[in-house]
Amino acid sequence: MRQPLYAANWKMFKTQAETARYLDEFLPAVREIRDREIMIAPPFGSLMIAAQKAEGSSLIIAAQNMHFESSGAFTGEMSAAMIQELGCSAVILGHSERRHIFGEDDELINRKILAALDAGLMPVFCIGEKIEQREASQTSEVLRRQIEAGLKDITVERADDLVIAYEPVWAIGTGKTATPEIAQEAHFFIRGLIVDIFNAQIAQNMRILYGGSVKPANISELMSQPDLDGVLVGGASLDPQSFAAIVNHS
Ligand code: PGA
């Protein structure tokens, strides 16, 4: 069965000192958790302190981005080996803020996913439609394009290491969470695409997270949907008690 994954995307928040304080409070609050995986994605500068604090726990440390090359003249970028050296075993790729603010396209994201898998990192591959696309009934088409292009050239053998995060852009940071039914419908559709691209077994095992205004008040309802295998949480993950409440929901 798919083990639920609760992931925190801190975006450009938290210095090293803030990260240390957060984990001192958060880790004891989730100590009893056995059947759920927990991931935290701090900004680059706080990765190492987070990894040090997480030592001895099962907390997964993830970067929020990386470059697809292993080294080179790429000002401001980080390679897979560099983030691994800081303690990462996973990386968020294709987040809508990377796509829409920094101009990342499907092809670039595909190269990053391939590089992450090559390096042995678990990619959390984000997809999602914008409000105007949903209103124009283009959601399925957009998700299909993002998935097909993003997962191009990924072999069946490597697909098991991948996590997908469905994050409708209109729900990110807006307080407008997708209803559990809307999320389930998209997740079911995405799982079907995974059957087509890989096979039924891979689709059955693949975790599909939901992201977009997840908070303690809506986590249980969202997680009650059969195709939701976890969440990617932005704003509500910045407070340790709030994220612990999400992870510990019943
Ligand atoms: P949000 O962000 O929870 O603040 O909506 C989610 C995300 O961007 O991953």
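Any value given below was found using the heavy atoms of this structure, including those in side chains, with hydrogens, waters and symmetry copies removed. First listed ligand is number 1; within each ligand, the first listed atom is number 1.
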Logged contact type for Cys126 with ligand 1, heavy-atom cut-off 4.0 Å, is neither

Check: Just by distance, do the side chain of Asp229 and the backbone of Ile208 share a donor-acceptor pair under 3.5 Å?
Finding: yes

Ligand 1 to His95, heavy atom cutoff 4.0 Å, flagged ligand atoms 7 (C), 8 (O), 9 (O)

Near Gly173 (heavy-atom distance under 4.0 Å), the atoms of ligand 1 are 1 (P), 4 (O), 5 (O)

Judged by modelled atom types alone, do His95 and Glu167 share a side-chain donor-acceptor pair under 3.5 Å?
yes

Item to check | Donor on one side chain, acceptor on other, Glu129 and Tyr166, under 3.5 Å | outcome: yes

Note: ligand 1 atoms sitting under 4.0 Å from heavy atoms of Gly235 are 1 (P), 3 (O), 4 (O)

Q. For ligand 1, is Ala171 a contact, meaning one of its heavy atoms is under 4.0 Å away?
A. yes

Between Gly175 and Ser213, the two heavy atoms sitting closest are N-OG, 2.8 Å

Numbered in order shown, the ligand 1 atoms found under 4.0 Å of a heavy atom of Gly212 are 5 (O)

Can the positive tip of Arg191 be found less than 6.0 Å from the middle of the six-membered ring of Phe188, inside 45° of the ring normal? no

One finds that the ligand 1 atoms under 4.0 Å from a non-hydrogen atom of Lys11 are 2 (O), 7 (C), 8 (O)

Run the contact test for Ala236 against ligand 1 with a 4.0 Å cut-off on heavy atoms, strictly below, and give the result.
no

- prompt: Are Lys215 and ligand 1 in contact, using a heavy-atom cut-off of under 4.0 Å?
  reply: no

Looking only at non-hydrogen atoms, the one of Glu167, Glu97, Gln64 nearest atom 7 (C) of ligand 1 is Glu167

Exactly one candidate in Ile164, Leu209, Val91, Leu93 meets side-chain contact (heavy atoms from CB on, under 4.5 Å) with Val124; the answer is Leu209

Treating Gln64 as the side-chain partner and Ala41 as the backbone partner, does any N or O pair qualify as donor plus acceptor under 3.5 Å? yes

| Are Ile92 and Met122 connected in a single hydrophobic cluster, I mean Ile/Leu/Val/Met/Phe/Trp/Tyr linked by side-chain heavy atoms less than 4.5 Å apart? | yes

| query | For ligand 1, is there an N or O atom under 3.5 Å from any N or O atom of Thr174? | reply | no

Problem set entry | Parallel, tilted or perpendicular: rings of Tyr22 and Trp10 (30°, 60°) | perpendicular

Logged contact type for Asn9 with ligand 1, heavy-atom cut-off 4.0 Å, is side chain

re atom 6 (C) of ligand 1, the protein heavy-atom contact at minimum distance is Gly234 N, 3.5 Å

